[in-house]
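Ligands are counted one by one from 1 in listed order, and the atoms in each one are counted from 1 as well.
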Amino acid sequence: MTQIAIETRGLTRRFKGATALDDVSLQIHTNTITGLLGRNGAGKTTFMSLVTAQDQPSSGTVHVDGQAPFERAEIIEQMCFIRDNQRYPDDYKLKHAIRAARIFYPNWDQAVADRLIEAFRIPSKPVVKKFSRGQLSALGIVLGLASRSPITFFDEPYLGLDATARAIFYDELLRDYAEHPRTIILSTHLIDEMDRLLERVIILEQGRVVRHDEVDTLRGGAFQVAGKAAALDAFVADRSVLSRRSVGGLATAVIGEPVQAQDRAAAEAAGLDITAVSLQELVAAYGVGDPESESTATTALRAPQTERSAA
Ligand SMILES: Nc1ncnc2c1ncn2[C@@H]1O[C@H](COP(=O)(O)OP(=O)(O)OP(=O)(O)O)[C@@H](O)[C@H]1O
């Protein structure tokens, strides 16, 4: 039976002038890597802050391993939340940050920390507040992976990292996860680059969940079609269009249905090309669709999602 690491019901966080999270009900499975995706301001950081009890909901509930985490040290110490703007005391050097983490996280693995510090070339002499953006991110990754926390959150962990360092992060994450499965939730805008890490995704849009599913299911449930605008419009007329873009007389649409043999035949007859849709394109289709198609995406898919997330 699938175990549930995190369960939220009706989770809502309102700020003055903004509803950052709006009635979010979902379950995150134990020992999976879940991508938390969505445009700027979609509510990703707010979600992580609420689950890790660093913030309190306006309404709704959070349960971590079946218990409300707020002011429960034994639950909170099972979670590690690496923020994109993680702050450290002014006089902290690398060794101080490592020492504090070693004390705080019960499953801390110093060998992992040592290996990653060397791989990322994190300097030991300067105080952390003098670190470059990439060095700060690297330190966050060291703490997040070496914590071996049963539930680990990374909020845009790659900011400022060069391509080599990002590749080290992805490889180390997968390697350590394979050896020590745990629940990892990471927010990212680098979807194409990180999609190989993700087993499931939650797509947030303006504080609401528009999809929560396995990556393979998402990919298999949509396709892309491209060609002359007039032919494309005729093709998509009775199909569930997630997004449509056009440049000059050419257009591309993402269709939110599994591709069938008759779709391929109809596309070929109309001179259109059908291709698989990448996770990046799908997320864009949900979050950045044309105004004309955005309503189609949210109304067509929000209802099934509510059932799925409540299941
Ligand atoms: N402390 C706060 N006070 C007021 N508004 C806030 C606060 N924190 C977040 N918000 C608002 O809540 C919404 C969601 O913010 P959040 O940081 O969760 O988004 P995000 O998905 O993490 O965005 P990004 O991808 O840009 O990091 C935004 O409109 C933001 O302005």
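Of the N or O atoms in Ala18, none lie within a sub-3.5 Å distance of an N or O in ligand 1. Looking at ligand 1, you'll find an N or O of Gly41 within less than 3.5 Å of one of its N or O atoms. Checked against a 3.5 angstrom limit, the closest N/O atoms of Lys44 and ligand 1 fall inside it.
In this structure, Arg133 fails the cation-pi test against Phe131, since its NZ or CZ atom is not both closer than 6.0 Å to the six-membered ring centre and inside 45 degrees of the ring normal.
In this structure, Thr217 contributes its side chain and Asp213 its backbone to no donor-acceptor pair below 3.5 Å.
Remark: distances from the non-hydrogen atoms of Gly43 to ligand 1 include one below 4.0 Å. Ligand 1 is approached by His189 to a heavy-atom distance shorter than 4.0 Å.
Among protein heavy atoms, the minimum distance from atom 18 (O) of ligand 1 is reached at Thr46 OG1, 2.6 Å. For atom 17 (O) of ligand 1, the nearest non-hydrogen atom of the protein is Thr45 CB, 3.7 Å.
Remark: Glu156 does not engage Arg83 in a salt bridge, criterion side-chain N to carboxylate O under 4.0 Å.
Legend: salt bridge (charged side-chain N to carboxylate O under 4.0 Å, His left out) pairs involving residues 265-274, not counting sequence neighbours: none detected. Residue pairs meeting the salt bridge (charged side-chain N to carboxylate O under 4.0 Å, His left out) criterion with at least one partner in residues 181-191, sequence neighbours excluded, are Asp176-Arg182.
When non-hydrogen atoms are compared, ligand 1 lies under 4.0 Å from the side chain of Glu156 (C-beta onward) but not from its backbone.
For CD of Gln206, the number of neighbouring non-hydrogen atoms (other residues, nucleotides, ligands) closer than 6.0 Å is 12 at most.
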